[in-house]
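A short write-up of the structure that comes next.
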Amino acid sequence: MAQRDHYEVLGVARGATPDEIKGAFRKLAAQHHPDKNPDDATAVVRFKELNASYQVLSDPNRRAMYDRLGHRAEDGSSPFGPNGPFAGGVVDISDIAVDGILGDLLGVFGVGKGDKGDVRIELGITFEEGAFGCEKEVGYDKVVDCKDCHGSGSAPGSRPEACPACAGRGRVRFQQGIFPIAVERVCSRCRGTGRVVVDPCRGCRGSGLMKERSTLSIAIPAGVEPNASRIVGGAGNRPRPSAPPGDLEVLIQIKPHAFFKRTGDDVTCQVPITFTQAALGAEVEVPTLDGKAKMRVPAGTQPGAVLRLKQKGIPRRTGIGRGDQLTEVTIEVPQKINEAQRTLLEQLAKELGEDVSAQRRTFMEKLKDLFG
């Protein structure tokens, strides 16, 4: 059985007003309601038909699609049906529309279309501050509500008015060519607020926003990694008066140290010692993150040897213990010696003979094998 025309079902003309459609439905629904016709099996069918027609004609979008496509607009397989990509014949292009007007006064503050208001700054700290943690105060510029108009954009004593372009809806709808699709996007005149400024605030020129200098205390945890970041929610720019502020991201930059470098939770450094200290062994003074400390150099220590000072490194991020300090030993050779010193060194070399260095002996043997 062919489906009847919705206007015919309700008994109204195609140009009927919403009130005429509502009145016709109420009258017929009361007349054919199943509760009033318990002995009439067709009353249920008739009431369902009335309800279906009213659901279509009472919705401006669905009625417009029905006027263009007829019952095909209600077909579940149709792209304009309830489950289709163009349900109701409306396509929202707010996210893809490119409107030059949207790059308005906000561009003065460096806030562009689609900007969430996030701000990123760098904070330089010393090697020791990164190792043991600290609290630093940072200063930066951010966009906030205008102090004069409190974000309204209107001069004191005046108020924004309903946008005439969208009648205060904040969105506009238009027909796209010959296609039965109503395209909807954010109103470019009021930028989706539904309000327009008639008498602009002098402080913000109607944008509702201004820049101000802000200071914030940032807690840096012990053992923070280089280039780590700290996020402070809501401390960024306000991208537009109707939107919440973005976040502040603080990028941690650790300055180089005169002695130390970092390897994981360990610190490394180089310490020069004399030939006699390396040969005979000694206790030498070395720098650490905690200040000066004594380090035992075993007798016979070779150049490049690495000596470990336990628990003198970076505090572990787990909060338990610290890394170690790895101290590389370098041997200082005197550049100038007097005759007495030269005589003593020559006597020592003669006394030690070939045993002066096990590494040199091995090198000489390899050299002999190479050149015959």
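All values below were derived from every heavy atom in this structure, side-chain atoms included, with hydrogens, water molecules and symmetry-related copies excluded.
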Kindly say whether Asp266 contributes a backbone atom to a donor-acceptor pair with the side chain of Thr263 at under 3.5 angstrom?
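Not at all, since once roles are kept as given, no pair shorter than 3.5 Å links the two residues.
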State, with a plain yes or no, whether a side-chain heavy atom of [X] is found less than 4.5 Å away from one of [Y].
{"X": "Pro334", "Y": "Phe275", "answer": "no"}
{"X": "Val267", "Y": "Lys312", "answer": "no"}
{"X": "Ile220", "Y": "Glu129", "answer": "no"}
{"X": "Arg159", "Y": "Arg195", "answer": "no"}
{"X": "His6", "Y": "Val56", "answer": "yes"}

By side chain to side chain contact (heavy atoms under 4.5 Å, CB included) - contacts of Lys336 (at least two apart)
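Expected list: none.
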Please tabulate, for side-chain N and O atoms in residues 142-149, each donor-acceptor pair with protein atoms closer than 3.5 Å (sequence neighbours left out).
residue: Asp145; atom: OD1; partner: Arg238; partner atom: NE; Å: 3.2
residue: Lys147; atom: NZ; partner: Glu212; partner atom: OE1; Å: 3.0

Counting only heavy atoms not in Arg213 (residues, nucleotides, ligands), do more than 12 fall under 6.0 Å from its CZ?
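More than 12 heavy atoms, drawn from other residues, nucleotides or ligands, come within 6.0 Å of this atom.
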Between Glu249 and Asp118, does a side-chain contact (heavy atoms from CB on, under 4.5 Å) hold up when you go through it step by step?
CA-CA 7 Å; Glu249 180 182 6; Asp118 294 340; over 6 Å; no
Taking Asp265 first and then Arg316, would you say they form a salt bridge - that is, a charged N and a carboxylate O separated by under 4.0 Å?
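Salt bridge flag = yes for Arg316 with Asp265.
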Show the atom names and distances, to 0.1 Å, of all donor-acceptor pairs under 3.5 Å that link a side chain in residues 7-19 to residues at least two apart or in another chain.
residue: Tyr7; atom: OH; partner: Arg63; partner atom: NE; Å: 2.9
residue: Tyr7; atom: OH; partner: Asp67; partner atom: OD1; Å: 2.8
residue: Tyr7; atom: OH; partner: Asp67; partner atom: OD2; Å: 3.4
residue: Arg14; atom: NH1; partner: Asp5; partner atom: OD1; Å: 3.2
residue: Thr17; atom: OG1; partner: Glu20; partner atom: N; Å: 3.2

Mind running side-chain contact (heavy atoms from CB on, under 4.5 Å) on Lys36 and Gln31 for me, showing each step along the way?
CA-CA 7 Å; Lys36 291 188 176 183; Gln31 180 182 346; over 6 Å; no
Decide side-chain contact (heavy atoms from CB on, under 4.5 Å) for Lys255 and Ile125; before the verdict, give the C-alpha distance in whole Å, the side-chain angles of both, and the deciding distance to 0.1 Å.
CA-CA 6 Å; Lys255 300 174 184 178; Ile125 61 175; over 6 Å; no
